[in-house]
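What follows is a set of notes on a single structure, which appears directly below.
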Amino acid sequence: MGQLVSGNVNFKGTVSDGNGIKGLYYSVDSGGFWFPVKLQKTKQFDTVEFSISLDTRKFQDGPAVLWFKAIDNATSEGAYSFLYYIDNTKPDVQIVYPEEDAVNGKFTVAGFAKDDVGVIDLSWTFGDLSGVFDLVPGNPYWAVTLDTIGFKDKSRKFTVRAVDRAGNVVDVSKVINLNQEDDKPVATISDPMP
């Protein structure tokens, strides 16, 4: 009860009654329309198992209730409701620095990652380099210092991956331009004059 879900969700359970179960139905609109559920027999006469799949992307994010109605062989009805929370919104992740200018040597990549239900995993990759950001509650900002001294590439892709509590995943990438020539020292001779 109260589970945070996203995407396709499989609900499994059992229904039991001393008189045996004649049918099971579920509703996603507070009993406005009931869908029949296929039942699987068990070794016990008075118990059956069920499994239903719901695509939560067809519903709005937020709290939702799944209603069940079971009818036994004596036509008695029983009801059960299951509260769950839908979150199909991916985390908001942005890379804000560096901008479009080429960088070189050691530099910092920075940005933020936030989500209404909270980010539980935040990692980065830069070519064959990778790492994980430490998450601080209430602080959506992240930064990592990269060392590109000796790189021959003219550009390399930096990617941030964020996962929220509902399992939504987002990858945000930015191609970072590199120019190691800008990092080399410049020497000039001022005396004697030419």
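Nothing fancy with the numbering, it's 1 onward along the sequence.
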Taken in chain and number order and not counting sequence neighbours, the residues that satisfy side chain to side chain donor-acceptor pair (under 3.5 Å) with Ser76 are none

Note: Gly167 and Ser6 closest approach over all heavy atoms is C-OG, 4.5 Å

Using the test salt bridge (Lys or Arg N to Asp or Glu O under 4.0 Å), find all partners of Asp147 that sit at least two apart in sequence or belong to another chain.
none

What residues form a side chain to side chain contact (heavy atoms under 4.5 Å, CB included) with Tyr85, not counting sequence neighbours?
Leu4, Pro63, Leu83

Check whether any side-chain heavy atom of Asp87 sits under 4.5 Å from a side-chain heavy atom of Asp115, and report yes or no.
yes

Using atom types as modelled, flag every donor-acceptor pair under 3.5 Å from a side chain in residues 135-143 to any protein atom, sequence neighbours excluded.
| unit_1 | atom_1 | unit_2 | atom_2 | d |
| --- | --- | --- | --- | --- |
| Asn139 | OD1 | Tyr141 | N | 3.1 |
| Trp142 | NE1 | Phe112 | O | 3.4 |

Could you work out, with side chain to side chain donor-acceptor pair (under 3.5 Å) as the rule, every residue matching Thr108, not counting sequence neighbours?
Thr145

Check the side chains of Thr159 and Ser173 for a donor-acceptor pair under 3.5 angstrom, ignoring hydrogens and angles.
yes

Salt bridge (Lys or Arg N to Asp or Glu O under 4.0 Å) pairs, two or more places apart, involving residues 120-146
Asp128-Arg156

What's the spacing between Ser155 OG and Asn177 CG if we round to 0.5 Å?
6.0 Å

Name all residues meeting the side chain to side chain donor-acceptor pair (under 3.5 Å) criterion together with Arg165; count only those two or more places apart in sequence or in a different chain, and write none if there are none.
none

Return each pair, listed once, that meets side-chain hydrogen bond (donor to acceptor under 3.5 Å, both in side chains) where at least one residue sits in residues 91-101; pairs must be two or more places apart or across chains.
none

Short question: side chain of Asn88, backbone of Thr56 - any donor-acceptor pair under 3.5 Å?
yes

Side-chain donor/acceptor pairs under 3.5 Å, residues 17-38, sequence neighbours excluded:
| unit_1 | atom_1 | unit_2 | atom_2 | d |
| --- | --- | --- | --- | --- |
| Asp17 | OD1 | Asn19 | N | 2.8 |
| Ser27 | OG | Asp29 | N | 3.2 |
| Ser27 | OG | Asp29 | OD1 | 2.7 |
| Ser27 | OG | Gly31 | N | 2.8 |
| Ser27 | OG | Phe33 | O | 3.1 |
| Asp29 | OD1 | Gly32 | N | 2.9 |
| Asp29 | OD1 | Phe33 | N | 3.0 |
| Asp29 | OD2 | Phe33 | N | 3.3 |
| Trp34 | NE1 | Gly31 | O | 3.3 |

Could you tell me whether Asn73 atom CG has more than 12 heavy atoms of other residues or ligands within 6.0 Å of it?
yes

How is the hydrophobic cluster of Val163 composed, in terms of its other members, when Ile, Leu, Val, Met, Phe, Trp and Tyr link through side-chain heavy atoms under 4.5 Å apart, directly or indirectly?
Ile120, Val169

Would you say the rings of Phe50 and Phe11 are close, in the sense that their centroids are separated by under 6.0 Å?
no

On a heavy-atom basis, which atom in Val15 and which in Ala70 lie closest, and how many Å separate them?
CG1-CB, 3.7 Å

Heavy-atom distance under 4.5 Å between the side chains of Val9 and Ser53, does that happen here?
no

Considering non-hydrogen atoms only, spot the tightest contact between Ala64 and Ile86 and give its length.
CB-CD1, 4.0 Å

State the CZ-CG distance between Phe68 and Leu66, to the nearest 0.5 angstrom.
4.0 Å

Tell me the salt bridge (Lys or Arg N to Asp or Glu O under 4.0 Å) pairs involving residues 50-78, sequence neighbours left out?
Asp55-Arg57

Rounded to the nearest 0.5 angstrom, the CE-OH distance for Met1 and Tyr84 is 12.0 Å

Is there a side-chain contact between Phe133 and Val144 (heavy atoms, below 4.5 Å)?
yes

Tell me, do Asn10 and Ser51 make a side-chain contact under 4.5 Å, heavy atoms counted?
yes

Take atom NZ of Lys114 as the centre, draw a 6.0 Å sphere, and report whether it contains more than 12 heavy atoms from other residues, nucleotides or ligands.
no

Counting only N and O atoms by type, is there a donor-acceptor contact under 3.5 Å from the side chain of Lys174 to the main-chain atoms of Pro98?
yes

Determine whether Val160 and Asp171 make a side-chain contact, defined as any pair of heavy atoms from C-beta on separated by less than 4.5 Å.
no

Would you compute the distance between atom OG of Ser16 and atom CD of Glu49 and round it to the nearest 0.5 angstrom?
11.5 Å

So NZ of Lys106 and OG1 of Thr148: to nearest 0.5 Å the spacing works out to 10.0 Å

CG/Asn104 to CG/Leu178 distance, rounded to the nearest 0.5 angstrom?
8.5 Å

With sequence neighbours excluded, tell me which residues meet side chain to side chain donor-acceptor pair (under 3.5 Å) with Thr47.
Gln44

Using the rule given for side chain to side chain contact (heavy atoms under 4.5 Å, CB included), can you reason through Val48 versus Thr14, listing the C-alpha separation, both sets of side-chain angles and the distance that settles it, and then say yes or no?
CA-CA 6 Å; Val48 292; Thr14 59; over 6 Å; no

